[in-house]
Amino acid sequence: MKNILKRAIALVTTFCCVASLLVFSGCSTPKKQPVMSINGVEISNDVFTYFLDCATVELGVDAPLESLKKKASTLAGTYFKINSLANKHGVTLTTGEKKAVSEKVDAHWHFFGEYYTEIGISRETLTKVFTADAYRDALLMFFYGTGGEEEIPVARLFGEFKTNYIVFQAITGYFTKTDINGRPVKIPETEAEALILKFQNIAAMVNAGEQTMEEAADFLAETGYKSSVQTVILNKDDTSYPAGFFERVKKIDAKKATVIGTDEYIFLVLRGDAGVNSEYFIEKKTEMIKIIVGDEIDNKIADSMVVDVVISDSDVNGYYALIKDAKTEK
């Protein structure tokens, strides 16, 4: 009788343990099914959330949900096409391009990491979508760069470079100084004239081959004027220099030093000779291709395949509410 009782107690205990496991396993959070699929391929919910968030940024968080879903679908579809096209042609990223993606992720996470975490987006999510952005540029070079199917001639690229950029070395002087209240005031006229004469004499020495720009800066330092040489590659739309500066420097002959003055500044400028083999042109080749090609690469990506984007209507509301709540809190 005692043995029978012991077995009954053991059975009850075992049943309770199993029941307990079933209860706790039932209460655990189930793995959420993907809200979006493209051409039958499931897209992770964090990536879907990223594009839904992008849609709220572009259309406004209070835009109709159907409009937001449509925009998110379009963005995700482009993401899918870029990755598919890159995979089809075996396009990969260089070490430098991967580093640029990592730096972009770091920058975004620094400013928006707390918000992204709140809506379920991780650093890995950003890496996925920013890698696709990098693939877009890699595809641009694949089709239109050196050896590409529609390679753009170097002569055309260089012509575009010369239109958009100038390269020069410059030493900067100032016709103003800061007063005791921290406000800029003009220097006396006699002091300004002496500065102009000093810059003109140095320009003459540079052109005569008697001084390099670096030696000119050292000479200025010895006379009590602290300055340094800057090598600049300047875009025509850059506003960091005075109005008209780009055009004036562009007219200077290569390897010739000239003095350019404005109301506030005086510049000793040595125009550079950036040829087709120069590091400056090579650095900007991708940008020149972008300028010439324009939206053609995006059209090529858009036409690369047809996508069927499916979004689960029953699940999307939760992700939208998460984004809206997070934005409202901000």
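Positions are given from 1, in the same order as the sequence printed here. Values reported hereafter were calculated over all heavy atoms of this structure, with side chains retained and with hydrogens, waters and symmetry mates removed.
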Any side-chain heavy-atom pair of Tyr280 and Thr231 under 4.5 Å: yes

Pairs touching residues 55-67 that satisfy side-chain hydrogen bond (donor to acceptor under 3.5 Å, both in side chains), sequence neighbours left out: Glu58-Lys71, Asp62-Lys324, Glu66-Lys69

Separation between CD1 of Ile323 and OG1 of Thr328, rounded to the nearest 0.5 Å: 11.5 Å

Single-linkage hydrophobic cluster, 4.5 Å side-chain cutoff, Val307 and Val41 together: yes

Pairwise distance NZ(Lys128) to OG1(Thr131) - rounded to 0.5 angstrom: 10.5 Å

Closest contact, heavy atoms only, Gly275 versus Phe158: C-CE1, 3.6 Å

Shortest non-hydrogen contact between Val167 and Ala274, atoms and distance: CG2-CB, 3.8 Å

Check: Tyr265 ring centre within less than 6.0 Å of Tyr174 ring centre: yes

Residues 247-259 side chain polar contacts: donor-acceptor under 3.5 Å, at least two apart:
from   : atom 1 : to     : atom 2 : distance (Å)
Arg248 : NH1    : Gly261 : O      : 3.4
Lys250 : NZ     : Lys162 : O      : 3.4

Set of residues satisfying ring pair (Phe, Tyr, Trp, His ring centres under 6.0 Å) with respect to Tyr144, sequence neighbours excluded: none

Stepwise salt bridge (charged side-chain N to carboxylate O under 4.0 Å, His left out) check, Lys186 with Asp263: CA-CA 9 Å; Lys186 287 192 174 183; Asp263 289 340; 5.2 Å; no

Side-chain heavy atoms of Met36 within contact of Val316, under 4.5 Å: no

From CE (Met288) to CD1 (Ile292), nearest 0.5 Å: 8.0 Å

Val154 reachable from Phe142 in the ILVMFWY side-chain graph, under 4.5 Å edges: yes

Qualifying salt bridge (Lys or Arg N to Asp or Glu O under 4.0 Å) pairs, either residue in residues 266-277, two or more places apart: none

His108-Tyr116 aromatic ring centre distance below 6.0 Å: no

With Asn317 via side chain to side chain donor-acceptor pair (under 3.5 Å) - residues at least two apart: none

Stepwise side-chain contact (heavy atoms from CB on, under 4.5 Å) test for Glu151 and Leu157: CA-CA 10 Å; Glu151 179 180 353; Leu157 292 174; over 6 Å; no

Non-hydrogen side-chain atoms of His110 and Asp106 separated by less than 4.5 Å: no

Shortest non-hydrogen separation from Ile196 to Phe175 and the atoms involved: CG1-CZ, 3.7 Å

Asp46 to Gly120 - nearest heavy-atom pair and separation: CB-O, 3.6 Å

Heavy-atom side-chain contact between Met305 and Lys88 under 4.5 Å: no

Side chain Asp315, main chain Pro34, donor-acceptor under 3.5 Å: no

Full working for side-chain contact (heavy atoms from CB on, under 4.5 Å) between Trp109 and Thr127: CA-CA 10 Å; Trp109 195 259; Thr127 300; over 6 Å; no

Hydrophobic cluster identity match, Val306 and Ile311, side-chain contacts under 4.5 Å: no

Heavy-atom pair of closest approach, residues Asp179 and Asn181: OD1-N, 2.9 Å

Donor-acceptor pair, side chain of Asn207 and main chain of Ala203, under 3.5 angstrom: yes

side-chain contact (heavy atoms from CB on, under 4.5 Å) assessment of Asp137 paired with Glu97: CA-CA 10 Å; Asp137 288 344; Glu97 289 167 338; 5.9 Å; no

Where at least one partner belongs to residues 303-312, residue pairs that pass salt bridge (Lys or Arg N to Asp or Glu O under 4.0 Å), sequence neighbours excluded: none

Close aromatic pair by centroid cut-off 6.0 Å: Tyr79 and Tyr50: no

Aromatic plane relationship, Phe168 with Tyr241 - under 30° parallel, 30 to 60° tilted, over 60° perpendicular: perpendicular

Beyond-backbone contact of Tyr135 with Leu85, side-chain heavy atoms, under 4.5 angstrom: no

Lys70 NZ: over 12 foreign heavy atoms closer than 6.0 Å: no

Pairwise distance CD(Gln169) to CG(Leu268) - rounded to 0.5 angstrom: 9.5 Å

ILVMFWY cluster, Phe199 and Leu197 together (side-chain gap under 4.5 Å): no

Student check: side-chain heavy atoms of Thr125 and Ser122 closer than 4.5 Å: yes

Glu150 vs Lys300, salt bridge (charged side-chain N to carboxylate O under 4.0 Å, His left out): CA-CA, chis, key distance, verdict: CA-CA 12 Å; Glu150 302 172 51; Lys300 191 179 289 291; 2.8 Å; yes

Pair Glu287, Tyr165: side-chain N/O donor-acceptor within cut-off below 3.5 Å: yes

Nearest heavy atoms of Leu93 and Val101, plus distance in Å: CD1-CG2, 4.5 Å

Expected output: side-chain Lys177 to main-chain Ile187 donor-acceptor under 3.5 Å: no

side-chain contact (heavy atoms from CB on, under 4.5 Å) between Glu189 and Glu193, intermediate numbers included: CA-CA 6 Å; Glu189 188 172 341; Glu193 290 174 353; 3.5 Å; yes

Leu234 side chain near Phe245 side chain, heavy-atom distance below 4.5 Å: yes

Separation between CZ of Phe48 and CG of Asp53, rounded to the nearest 0.5 Å: 11.0 Å

Cluster check Leu52, Phe112: I/L/V/M/F/W/Y, side chain < 4.5 angstrom: yes

Flag, side chain of Asn164 to backbone of Lys236, donor-acceptor distance under 3.5 Å: no

Separation between CD1 of Ile297 and NZ of Lys290, rounded to the nearest 0.5 Å: 11.0 Å

